[in-house]
Structures are given as structure tokens and as C-alpha cells.
Amino acid sequence: MSNPNTDNPPPAAPSDFIRDIVEKHVAEKKYPQIHTRFPPEPNGYLHIGHAKSICLNFGIAHEFDGICNLRMDDTNPAKEDVEYVDSIIEDVNWLIAGWADKNLGLKPKGKTPEAVTSNGKPDFYLPASVGQASSLSPSSKEKVRDRLEACPTLEPFYASDYFDQIYEYAVALIKKGNAYVCDLTPDQTDEYRRNAKESPFRNRTVAENLDLFTRMKNGEFPDGTRTLRAKIDVTAPNIWMRDPLIYRIRHAEHHHTGGKWCIYPMYDFAHCLSDYLEGITHSICTLEFEVHRPLYDWILENLDLPRPLPHQYEFARLSLTYTIMSKRKLMQLVNEKLVTGWDDPRMPTISGIRRRGVTAEALRAFAYNIGITKYNGLTDVAVLEFAIREDLNKRALRRLAVLRPIKVVITNYPEGKTEELDAVNNPEDESAGKRKIPFSRELYIEQDDFKEVPPPKYFRLKPGGEVRLKYAYIIKCDEVVKDATGKILELRCTADLDSKSGGATAARKVKGTIHWVSAAHAVDAEVRLYDRLFTVPEPDKVAAESASAGSSGATGPSGDFKSLLNPHSLEVVTAKCEPSLKDAKPELRYQFERLAYFALDKDSVVGSSRRDDRTAGPAVPTLIFNRTITLKDAWAKEAQKG
RNA sequence: UGCCCGAUGGUGUAACGGUAGCACAGCAGACUCUGAAUCUGUUUGUCAUGGUUCAAAUCCAUGUCGGGCAGCCA
């Protein structure tokens, strides 16, 4: 769980066209219970676009007291892997934890609908129709939950668990004369379909089709030599109704079913039936599947399945500025080591976002804020950044840390003296309490907080100028000490020793307040300063343009989005931190005052296992912070104007 | 090219025949021991043209623009 400090109140449930439909169905009592599903293909890591879908599907289940199944849409063994299955489970659990985890549909490990059959029928996890529901008690919902809770080892649903059923449905379609085995090559199939021409194999007998399909299943034919096609209408204006393929031959090991199958159902055939088998009521997907909906309906209707059938609804996928969402391109970044992995904090993956320090609450608030429509828009990444700052502002512990130090000597402060000053942990949350920070004669301040030649409106430290050291004294810069090259070595300052909190001149107004760290007490930390991964707002668009414009050839045929990577997306510094940061905890969030929000990276070694006993070589920082996001910086904007 | 879908300030969304609202961003100011947060104010919008109607962002028609699909991927 991501529970740093405060539990922010959940945002108000949003309203959108899909929720309107669900609400109407609930009012009509059309279904015994609302049942959605989140069906990723395990061929990559989940990204923030999936987070939108997760929040929609689980949000609906949560708001209407329903269930949302997590289902691996794993019908293509060539592209899928257990690594992705595992990451998907982790990411979904993280995102819904403490929110919709009670609405998560899982199943007993190893069970399939067939495996739990009690009367010869598949045992649906929730009623798939009103007719079947009548045999269930009104508390069917609780039964489902009881069943889930009673089983210690639960797992997500897998489309591949239904391969037996789906196969039987295909046979049923053949027997009805609604499907046939086709021997056309891929190229021929393509050509026939484009030209609305019937396959010469379209009118094979049922017996012949049954025989051929059985032999396909038995592995008698090589990949690509035969397919099973639904017999619909090759002249249909919608391409997907022109006798679509529903099974293809793939002699491949499947990550979940192993070597059991050498034929695999296509998405269109597997998906609607998986929805049906799980008793899904609202099958929500993105816009590109809209043209597939007639096929979705056709399959279920032509199998004469009991009604009401699941229904498909489509919404616009998320696009974000300065971000790419294509799994293929993200994988390219990983494979070519342009980032450190799928969970690199610069990646738009859920795992990357999490590692960066963003909380699940913030991500959910973002998903709620952007809404659900059928319009293909481009959301400003600033909306995400706002959600992150809003969340972190409320929960982050304030700390003093100097990223790029300059030494300051307080010449009128006694050598060897140390004071412990009170500092507030979180001004947004009084219950977070206070801590002590040490003050002494030699300090570090931020390089940015001193200017020998200050620009207009600069109210930090300058020669002869005064500034407040947060929680400590007002100091005045008397002297700038430089080396032969003109590099600043240290600033010599005097403090107004009465200006500390409670002191005689504590109320004196100085325009600037800056952060600092006592040099003798400072703790070093590696700080990874992340920035956006791309330099342009629409990397996909630019890449596409350079690709099409580009017989110039320099950027290559795919449009080289990699040339748009921000070379400054990661900068690593060694920061001087106040000593309390020694005890930083991975589950907490920190604000280094006046700078940014940070979270401990998983590479850190913290607590009692800190490697303080290191003997050889330079000290390797064991404290590693990731910059989640900077504070808003009005001064940067002001300085730019000048 | 065929089929499908969409269009409300800079961006994302709401208004479901009856006052065009919210959020982000921007701008200006107040406050501030974080140039943060908070608070106040504020610029900017119904794709176009017709039609229906007492009344249209909303219904209809046409056009324009944008997106999707045309894998034995999902």
C-alpha cells in the first residue's frame, strides 16, 4: 500500500456517458449485479493509459457495488510472458489497494469454469443472465465474496483458461453451418476480403469442417495453412463481418496452457466468450474496437446463449503531452537501454510512476479528473502534475536538503556550538508533529539562493543583503571568498543572533527565506532529478511526420521518436541532507523545502541494514531519493521574463 | 477509397430543448519563516451553413475538419 501519512478523502464519483448507462441499467434492474472486467494482454507492462481503464472499470464496480475481474487476455502465445502477468497483477493491486480491492474479481487458483462444473454447465463466477440468476439467492454477491475470501490462493482470470469452452463454441458454430475451415493463404485471405470475394472453401460440408477443425487441433497442419472462419457476409461494408478468422494455427508454447494447444482463438472470438463465461455485464474497451462490436454481438447471438448478453462500450484512450503510450515504443526504450527498465521513473508505466514516488491516490484522482468520452483528445501532462502535487502537498514530510551546496560561515557564531531548532514536519497536517534540526557555524545553502550580481526582484542572498534561514537566524552576507579562478569557495556572513524564533528581533521582516543544512551534521544522499522524457509535447506526432516527410532518410522509416528524448531527463547529484533523513522510509513521501517532492528509491539501503561499515573506496551513498516532481516555481517564471 | 466514430475557451470536461459551468494552464493581486500551499480577481469557447422550435451546444440535413478500422495482433 502507498499509505504515506494521510489518507486523502476519495474524490467525488465522476459522471460520464458509460456510468450514465450503467446507472440506468441498475435502475431498471437489468442485471442482478454489475460486472466489469479489465482485460490486459500480458505482452508488456501496464502504463498510465491502462490506469485510466482500470479506474473506469474498477470505479464502476466500486460505485455500483459490483465486481471487476482482472483477466489476462492471453490468446497469442508468441507475444506473451509470465513476467508481464506478474507485473500486471502487482500494478493492478497497487492501484486499487484501499479503494476497490473489495470489488476485485479473482478465482481459485487453477480452477476454470469447466473445472468447477457441478451440473455439466460452466460454473460462472457471477450470474450471466437473469434466468440463471433466479436460481441464485439474493445474496449471490456475498456468496461470491465468501468464495473469494475462503480461498487463500487466488489468481486472476485467464482467457486461456476457457480454451476448452471456446473450442466447443467453435464446434457449435460449425455444426450450425456458421463457420468453416478455410485453406487460403494469409495473402489470399487478405485479397479476397478486400475484394468482397467468397472463399472457395466457404461451402464445405459440416462434416468436412468438423473433421478439418479437429485435425487442426490435433496438430496435423503447419502454422498458417488453415484457419477457422465465421460464415457471415463477405460483402458486408464492415470488414470485420467479412467472414472473420476466429481460429488460427500456432505451434507455440503458451505461458499459461503450456503445450496443450496448437490452435488459438482470435481476439474477437475469445473476448466476447470470455466476457460471457465470466458473467460480464458491461464490457468496456477503447475506441478502436468500436468496429468490432457487430462481430462481438454476432458471435454471442449465433451461439444462442441465454440473455441478457454482455454488451460492449467504447471510450477514448488516454493521450498525454510529452508522453508516448505505445507498448512497442516503450519496449524499444527498455530493450535499447535508453531507460533503465520498465520501471524507470521516467517511464509512463504504472511501475515507473510508482517508483517515481507518485501515490495510487494521486493517479486515481488524475483518472477521475480527465473524464471519459469518445473524443480523442490530448491531455496536458500538467493535469497529471497537478494531481501529484495536490496529493503530495497534503502528505509529504517537510525536510531541509541542499542539492547543490555552497558553504556559508556564520562568522559571529561560536565555533563548536550546536543548537537544536524546532521544525514543522507538515504545515498541512499538524498531527505530523515537529522535529529538531541542528544549527552550527558552518552551513550549506543552495547555489541558486546566492547571486553576486542579483537580477531584479531577486530576494535571496546577495552581497550586503539579508535573508532568513528557515527556522533559524536572519543572516547578512559580508564577504564572498573565491579561489584564483573566480570560483566561489564560501560566503562569510553574520547572523542577527536575536532573530531566532522567540528572539527579540524574530518578527523582523526580510523578503527571502532559504533552506540550509548544518555542514557538520549533513547526511549525503544520491538524488536522482527526473524530468520529462521527451522534449516535445507530441513525440508521436513529430515522429510520424518525420517518418512520412522523411524520404530524407536520416531518421529512418519508423520515425525516430528516440531523437526526441530529453537528454536532461535524469541528473544525479549528491545532496546534503538534514540528519533526520537518515531514517527515511520507503513508504513515506518527502518535500525538500522550496525544491521538490521526493521518495526513497528501491535501490536505497536503509535502516539497520545500511552499509555504514564499508571500508574500501569512497563512500557510496546508500540513501537514494527520486525526485517525484518539483514544487511550482513562480520565481523561475519571473526570472525567465527578465 | 470503403465502413465506423467524434467536434464546447490554450487543454480536458459539464450542461440530456430553457442563465454555457468546472478543472488544469495563463494573467493580475493578497498573504507567506517554503517565490510552495492558501485566498481573491480575471482573459479566452459551442466547427460551418441551413432547417425544426416560443426557445438549439443539445434535434434534423449538408458540408468541413479530426480520429479509428481494413493482422492468421489485441
Side-chain angles (χ1 to χ4, degrees), chain A residues 14-17 20 39-41 43 73-76 78-80 159 182 184-186 189-190 193-194 196 223-229 236-242 244-250 263-264 266-268 270-271 285-294 314 316-318 321 327 369-387 389-390 393-394 398 400 423-424 427-428 457-460 467-472 474 499 501 506-515 537 591-597 630-639:
Chain A
S15 159
D16 52 64
F17 77 99
D20 289 348
E41 185 190 15
N43 67 345
D73 205 0
D74 55 352
T75 56
N76 184 0
K79 295 187 172 178
E80 298 155 8
C182 180
L184 254 25
T185 66
T189 308
D190 196 43
R193 202 192 283 159
R194 268 188 223 282
D223 288 5
T225 53
R226 283 190 166 86
T227 59
L228 184 69
R229 299 179 67 176
N238 182 339
I239 300 276
W240 291 105
M241 297 300 270
R242 319 242 265 225
L245 278 57
I246 58 178
Y247 259 94
R248 79 290 215 183
I249 301 171
R250 282 281 173 280
I263 56 171
Y264 291 91
M266 299 287 291
Y267 164 84
D268 286 298
H271 203 90
C285 61
T286 43
L287 250 24
E288 67 269 25
F289 294 101
E290 206 162 17
V291 286
H292 294 241
R293 194 184 339 128
E314 310 87 12
R317 58 162 12 115
L318 172 67
T321 57
K327 270 191 200 175
N369 288 341
I370 56 177
I372 300 293
T373 63
K374 299 188 74 156
Y375 174 72
N376 272 301
L378 177 64
T379 299
D380 193 333
V381 74
V383 179
L384 205 216
E385 294 172 343
F386 171 81
R389 289 193 179 103
E390 187 183 45
N393 177 49
K394 282 181 229 153
R398 271 56 172 180
L400 300 186
V424 173
E428 304 286 325
K457 295 187 191 171
Y458 185 85
F459 44 82
R460 303 175 187 179
V467 81
R468 158 78 66 183
L469 295 178
K470 177 99 182 176
Y471 298 125
I474 294 170
S499 62
S501 285
R508 268 180 63 205
K509 296 291 177 201
V510 281
K511 192 62 181 162
T513 298
I514 64 174
H515 59 278
Q591 183 199 100
F592 294 176
E593 292 214 39
R594 303 206 312 128
L595 297 171
Y597 295 102
T630 60
L631 255 29
K632 273 175 68 175
D633 189 352
W635 167 242
K637 214 174 282 176
E638 182 68 36

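To find a chain, count down the sequence lines: A is the first, B the second, and so on, and within it residues start at 1. Every heavy atom of this structure was used, including side-chain atoms; hydrogens, water molecules and symmetry mates were not. In this text the structure is predicted, and so the values were computed from the model without any measurement.
- You'll find the side chain of Met241(A) stays beyond 4.5 Å of the side chain of Val291(A), heavy atoms only.
- A distance-only check finds a donor-acceptor pair linking the side chain of Arg468(A) to the backbone of Ala472(A) [under 3.5 Å].
- Residue Tyr247(A) is classed as having no contact, given no heavy-atom separation below 4.0 Å to the nucleic acid.
- Residue Lys327(A) places no side-chain N or O under 4.0 Å from the OP1 or OP2 atom of rC73(B).
- Contact annotation for Pro39(A): no contact, since no heavy-atom pair falls under 4.0 Å across all strands.
- When the side-chain nitrogen and oxygen atoms of Arg293(A) are compared with OP1 and OP2 of rC4(B), none of them lie within a distance under 4.0 Å.
- Side-chain proximity of Asp380(A) to rC24(B), rC72(B), rU11(B): nearest is rU11(B).
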Q) After noting the C-alpha distance and the side-chain angles of Ile249(A) and Arg226(A), does the key distance pass the side-chain contact (heavy atoms from CB on, under 4.5 Å) rule? A) CA-CA 7 Å; Ile249(A) 301 171; Arg226(A) 283 190 166 86; 4.1 Å; yes
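- Remark: the separation of the P atoms in rG6(B) and rU38(B) is 37 Å, to the nearest Å.
- Between the Ser499(A) side chain and the Ile474(A) main chain, a donor and an acceptor come within less than 3.5 Å of each other.
- The main-chain N or O of Val424(A) is found under 3.5 Å from a side-chain atom of Tyr471(A) such that the two form a donor-acceptor pair.
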Kindly give the atom pairs (protein nitrogen or oxygen, nucleotide nitrogen or oxygen) under 3.5 Å for nucleotides 14-19 of chain B.
residue: rC16(B); atom: N4; partner: Asp20(A); partner atom: OD2; Å: 3.0

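- Taking 90° from 0 as the syn/anti boundary, the base of rG71(B) is oriented syn.
- Counting heavy atoms from C-beta outward, Arg248(A) and Ile263(A) have side chains that stay 4.5 Å or more apart.
- Using a distance-only test at 3.5 Å, with no hydrogens or angles considered, no donor-acceptor pair links the side chain of Glu638(A) to the main chain of Ala634(A).
- Among the protein residues, Ile249(A) comes within range of no part of the nucleic acid, since none of its heavy atoms lies under 4.0 Å from any strand.
- Side-chain N/O atoms of Lys632(A) include none lying less than 4.0 angstrom from OP1 or OP2 on rG35(B).
- Remark: C1' of rA23(B) and CZ of Arg389(A) are 15 Å apart, rounded to the nearest angstrom.
- Between the CG atom of Asp380(A) and the CZ atom of Phe386(A) there is a distance of 13.0 Å, given to the nearest 0.5 Å.
- Using cut-offs of 30° and 60° on the angle between ring planes, the pair Tyr267(A) and His271(A) is tilted.
- Atom P of rU13(B) sits at a distance of 16 Å from the matching atom of rG67(B), rounded to the whole Å.
- In this structure, Met266(A) CE and Leu228(A) CG are separated by 11.5 Å, a value rounded to the nearest 0.5 Å.
- Sequence order on RNA chain B of the closest nucleotides to Arg248(A) and Thr379(A) puts Thr379(A) first from the 5' end.
- Considering only heavy atoms from C-beta on, Ile239(A) comes within 4.5 Å of Arg193(A) through its side chain.
- Here Tyr267(A) lies in heavy-atom contact (under 4.0 Å) with a base.
- Nucleotides rG12(B) and rA30(B), compared at atom C1', are 29 Å apart to the nearest Å.
- Among the protein residues, Thr286(A) comes within range of no part of the nucleic acid, since none of its heavy atoms lies under 4.0 Å from any strand.
- Across the C1' atoms, rA57(B) and rU46(B) are found 5 Å apart, a figure rounded to whole Å.
- Atom CD in Gln591(A) sits roughly 10 Å away from atom P in rA37(B) (whole-Å rounding).
- Nucleotide rC72(B) holds its C1' atom 12 Å from the CG atom of Asp268(A), rounded to whole Å.
- What separates CG of Asn393(A) from P of rC24(B) is a distance of 13 Å, to the nearest Å.
- Just one residue in the list Lys470(A), Arg594(A), Glu593(A) forms a side chain to side chain contact (heavy atoms under 4.5 Å, CB included) with Thr513(A), and that residue is Lys470(A).
- For the P atoms, the distance linking rA20(B) with rU34(B) amounts to 43 Å, nearest Å.
- RNA chain B forms stems at B:1-7 with B:64-70, B:10-13 with B:21-24, B:26-30 with B:38-42, B:47-51 with B:59-63, each a run of 3 or more consecutive Watson-Crick or G-U wobble pairs whose two key distances fall under 3.5 Å.
- Residue side chain Trp635(A) meets the stacking definition with respect to rG35(B): its ring centre sits within less than 5.5 angstrom of the base's six-membered ring centre, and the planes differ by less than 30 degrees.
- Using C1' as the reference atom, rA74(B) and rA37(B) are 44 Å apart when rounded to the nearest Å.
- When each of Asn238(A) and Gly377(A) is assigned the nucleotide of RNA chain B bearing its nearest heavy atom, the one mapping closer to the 5' terminus is Asn238(A).
- Of all nucleotides listed (rU8(B), rG35(B), rC24(B)), rU8(B) comes nearest to the side chain of Tyr375(A).
- The backbone N or O of Ala636(A) lies less than 3.5 Å from a partner atom in the side chain of Asp633(A), making a donor-acceptor pair.
- Rounded to a whole Å, the CE atom of Met241(A) is 13 Å from the P atom of rC4(B).
- Counting non-hydrogen atoms under 4.0 angstrom, Tyr471(A) reaches a base of the nucleic acid.
- Note: CZ (Arg468(A)) to C1' (rC33(B)) measures 5 Å, nearest angstrom.
- As rounded to the nearest Å, rC65(B) and rA48(B) have P atoms that lie 15 Å from one another.
- Atom CD in Glu385(A) sits roughly 18 Å away from atom P in rU11(B) (whole-Å rounding).
- Judged by distance alone, the side chain of Arg229(A) and the main-chain N or O of Leu245(A) form no donor-acceptor pair under 3.5 Å.
- Counting any heavy atom pair closer than 4.0 Å across all strands shown, Pro237(A) reaches sugar-phosphate atoms only and no base atom.
- As judged by a 4.0 angstrom heavy-atom cut-off over every strand, Leu184(A) is placed among the base-contacting residues.
- Residue Leu318(A) holds its CG atom at 4.5 Å from CD1 of Ile370(A), rounded to the nearest 0.5 Å.
- Remark: the separation of the P atoms in rC60(B) and rG18(B) is 15 Å, to the nearest Å.
- Between the CD atom of Glu593(A) and the P atom of rU32(B) there is a distance of 17 Å, given to the nearest Å.
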Scan nucleotides 66-71 of chain B against the protein and return all N/O pairs shorter than 3.5 Å with their distances rounded to 0.1 Å.
residue: rG67(B); atom: O2'; partner: Asn376(A); partner atom: ND2; Å: 2.8
residue: rC69(B); atom: O2'; partner: Trp240(A); partner atom: NE1; Å: 2.6
residue: rG71(B); atom: OP2; partner: Asp190(A); partner atom: OD1; Å: 2.6

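- OP1 or OP2 of rA7(B) has not a single side-chain nitrogen or oxygen of Lys374(A) nearer than 4.0 Å.
- Taking 4.0 angstrom as the limit, Arg250(A) places a side-chain polar atom (N or O) nearer than this to OP1 or OP2 of rC73(B).
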